[in-house]
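A quick note: this is a predicted structure, and the numbers were derived from the prediction, not measured. Below, all heavy atoms of this structure are taken into account, side chains as well, without hydrogens, waters or symmetry copies. In the text below, chain A, chain B and the rest are named by the order of the sequence lines, each starting its count at 1.
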2 protein chains.
Amino acid sequence: MIKTVLIGFGNVGFHIAKSCKAADEIELLQIYNRSEVEANLQKEINVAFTTDFNLLQEADVYIIAVKDDAIEKVVKQIPFTNKIVAHTSGSLHLLNTHQNDAVFYPLQTFTKNKSLNYKVIPFCLEAENEETYAVIEKMAKSISPKVYSISTAQRQELHLSAVFVCNFVNHLYAIGEEICKSHQIPFEILEALIEETANKIKSLNPVEAQTGPALRQDQKTINRHLDQLKKTNYTDIYQQLSNSIAKKHGNQL
Amino acid sequence: MIKTVLIGFGNVGFHIAKSCKAADEIELLQIYNRSEVEANLQKEINVAFTTDFNLLQEADVYIIAVKDDAIEKVVKQIPFTNKIVAHTSGSLHLLNTHQNDAVFYPLQTFTKNKSLNYKVIPFCLEAENEETYAVIEKMAKSISPKVYSISTAQRQELHLSAVFVCNFVNHLYAIGEEICKSHQIPFEILEALIEETANKIKSLNPVEAQTGPALRQDQKTINRHLDQLKKTNYTDIYQQLSNSIAKKHGNQL
């Protein structure tokens, strides 16, 4: 069992804790969080919690799941040396500490009160040496079979892609919901469409899967939509994404 | 059995044909298409095809699945009166013909070579009189339990929402794929994230489900991403969607 301490208990930390608890090869000893964690969450995870770095337990691996800006400061407070210290950021380089530095990046969207199937999450790993890589690979593989060796440069591009296919996509869902709501239409009517749109790209690539007025260069429908959007903040987004679709398919609106 | 003729065999027509063939209450007599349909597709549907309006068979219902601009012209060529004529457009009003006009709008993204579960597709219906509505409702219900009475105004808003949650979302997938490809990263790494993003909004509303740098007002990451995007066409889209996320959540970047 790989003795592990988790530092940070936000959305990412919560799900790393849950996935570590479920993994055969990982013994989650303790979770540090800078503020007291609610009792019901502590109960759900069922592991020792602390808010005091002086009480940090000795472990093989420290997983850092705090905001990018706070990572360096947090790592300096680990009162042990020669440990594996793995951050979970999509953006940052390998750390340069006196520990064995690593990256343990789960590519998923995490929200505390939304359960997840950890077995499908891809883990993108990087380490400063082979021994360290072997340990975090063993950890990741005991959570999910989808484990990838990914350089910092590639991870940064993956993170950027994830902003498009997850954060921005979710915002488009939010716009769709806003439009439905303001016209007394149940948003659930769009559920099958949303699911199929995501599902479709498993068998077609997104360029083949594209449909809609911008692809068809159906300017009449586009103009009607822009007219419908007049009272919202979304005409620019509509225009820009439509132009971008047309451009990607070698057309111009 | 409701005797039905389908006019138009593009992406929508193909799937309407397949779903009608599978429905207990519908007898699909014939499909008209302005050009000859490939033999293998004809064989797949296994129904009489024609390219000649003079050979159109008499039926209870004519479903029109052609481009919006062509609908009126097509309807005029139906050589029978007092029939139900239902268009499948998300945008157009009820027709004003001398037939019994209706709307039979399946809210889904259709591509010929992508199979679909018709039982989850919502059908948005409208008709000029109750008798007509009863017939198309019976048809729709024999395909899917998700049948909604939707006015033209609501349907137009649904169609607009669908552009955001489907066509634009798919384009963001295409951008994600482009970024991955140009950095030798397999796009499949993003599959679980794409699926979870779509899945998440079944239990959380999209505003609660939002994550990412724009929500966190993480300007450092945003700037890094804009820098990574410099050589692409996508900086404006990134900027605009990030600003829109911030605005929707009461912030400003």
Side-chain angles (χ1 to χ4, degrees), chain A residues 91 107-109 111 114 120-122 148 154 156-158 160-177 179-180 183 185 189-198 200-207 209-212 214 221 224-225 228 236-237 240-241 244-245 248, chain B residues 91 107-109 111 114 120-122 148 154 156-158 160-177 179-180 183 185 189-198 200-207 209-212 214 221 224-225 228 236-237 240-241 244-245 248:
Chain A
S91 306
L107 184 53
Q108 189 49 285
T109 170
T111 299
K114 169 67 182 69
V120 300
I121 296 180
Y148 298 85
Q154 284 181 316
Q156 287 171 339
E157 297 298 334
L158 265 174
L160 173 60
S161 303
V163 168
F164 280 93
V165 306
C166 168
N167 306 149
F168 290 167
V169 160
N170 183 73
H171 184 57
L172 296 182
Y173 297 159
I175 294 174
E177 194 214 19
I179 295 170
C180 284
H183 295 87
I185 304 162
I189 301 193
L190 292 169
E191 236 175 49
L193 178 65
I194 286 170
E195 197 172 328
E196 171 60 16
T197 305
K200 205 171 179 179
I201 57 158
K202 290 182 191 166
S203 53
L204 299 176
N205 80 49
V207 174
Q210 190 65 54
T211 57
T221 300
R224 190 185 299 112
H225 284 168
Q228 286 171 243
D236 288 350
I237 289 175
Q240 207 162 46
L241 286 169
S244 184
I245 288 170
K248 176 104 183 164
Chain B
S91 305
L107 184 53
Q108 189 50 284
T109 170
T111 299
K114 169 66 180 71
V120 302
I121 296 180
Y148 298 85
Q154 283 180 317
Q156 289 173 338
E157 298 298 334
L158 263 174
L160 173 60
S161 303
V163 169
F164 280 94
V165 307
C166 168
N167 305 149
F168 290 167
V169 160
N170 184 74
H171 184 56
L172 297 182
Y173 296 159
I175 295 174
E177 194 213 17
I179 295 169
C180 284
H183 294 87
I185 304 162
I189 300 192
L190 291 168
E191 236 176 49
L193 178 65
I194 285 171
E195 196 172 327
E196 170 61 15
T197 304
K200 203 171 180 179
I201 57 157
K202 291 182 191 167
S203 54
L204 300 175
N205 80 49
V207 175
Q210 189 66 53
T211 55
T221 300
R224 190 186 299 111
H225 285 168
Q228 286 171 245
D236 287 350
I237 289 175
Q240 206 163 46
L241 286 168
S244 185
I245 289 170
K248 176 103 181 162

Heavy-atom distances under 4.5 Å only: say whether [X] touches chain A with side chain, backbone, both or neither.
{"X": "B:Ile194", "value": "both"}
{"X": "B:Gln154", "value": "both"}
{"X": "B:Pro206", "value": "both"}
{"X": "B:Glu177", "value": "side chain"}

With a 4.5 angstrom heavy-atom cut-off, is it the side chain or the backbone of [X] that approaches chain B, or both, or neither?
{"X": "A:Lys114", "answer": "side chain"}
{"X": "A:Val169", "answer": "both"}
{"X": "A:Ser203", "answer": "side chain"}
{"X": "A:Thr221", "answer": "side chain"}

Option in [options] with maximal non-hydrogen atom pairs under 4.5 Å from chain B:
{"options": "A:Asp236, A:Ile189, A:Leu107", "value": "A:Ile189"}
{"options": "A:Arg224, A:His225, A:Glu191", "value": "A:His225"}
{"options": "A:Val207, A:Ile237, A:Leu193", "value": "A:Leu193"}

Heavy-atom distance under 4.5 Å between the side chains of [X] and [Y], does that happen here?
{"X": "B:Glu195", "Y": "A:Lys202", "result": "yes"}
{"X": "A:His183", "Y": "B:Gln156", "result": "no"}
{"X": "B:Tyr148", "Y": "A:Ile185", "result": "no"}

Heavy-atom nearest pair, B:Ala174 first then A:Lys248, reads O-NZ, 3.8 Å
In short, B:Gln108 meets A:Ala192 closest at the heavy-atom pair NE2-O, 3.4 Å
Who among [options] has the most heavy-atom pairs with chain A under 4.5 Å?
{"options": "B:Ile175, B:Thr111, B:Asn167", "answer": "B:Asn167"}
{"options": "B:Ile121, B:Leu172, B:Leu204", "answer": "B:Leu172"}
{"options": "B:Val163, B:Val120, B:Thr211", "answer": "B:Thr211"}

For B:Ser161, the side-chain contact (heavy atoms from CB on, under 4.5 Å) test, sequence neighbours excluded, returns A:Ile179, A:Cys180, A:Leu190
Residue set satisfying side-chain hydrogen bond (donor to acceptor under 3.5 Å, both in side chains) with B:Gln210, at least two apart, ordered chain then number -> A:Asn170
Using the side chain to side chain contact (heavy atoms under 4.5 Å, CB included) rule, take B:Val165 and A:Thr197 through it: C-alpha gap first, then chi angles, then the decisive distance, then the call.
CA-CA 8 Å; B:Val165 307; A:Thr197 305; over 6 Å; no
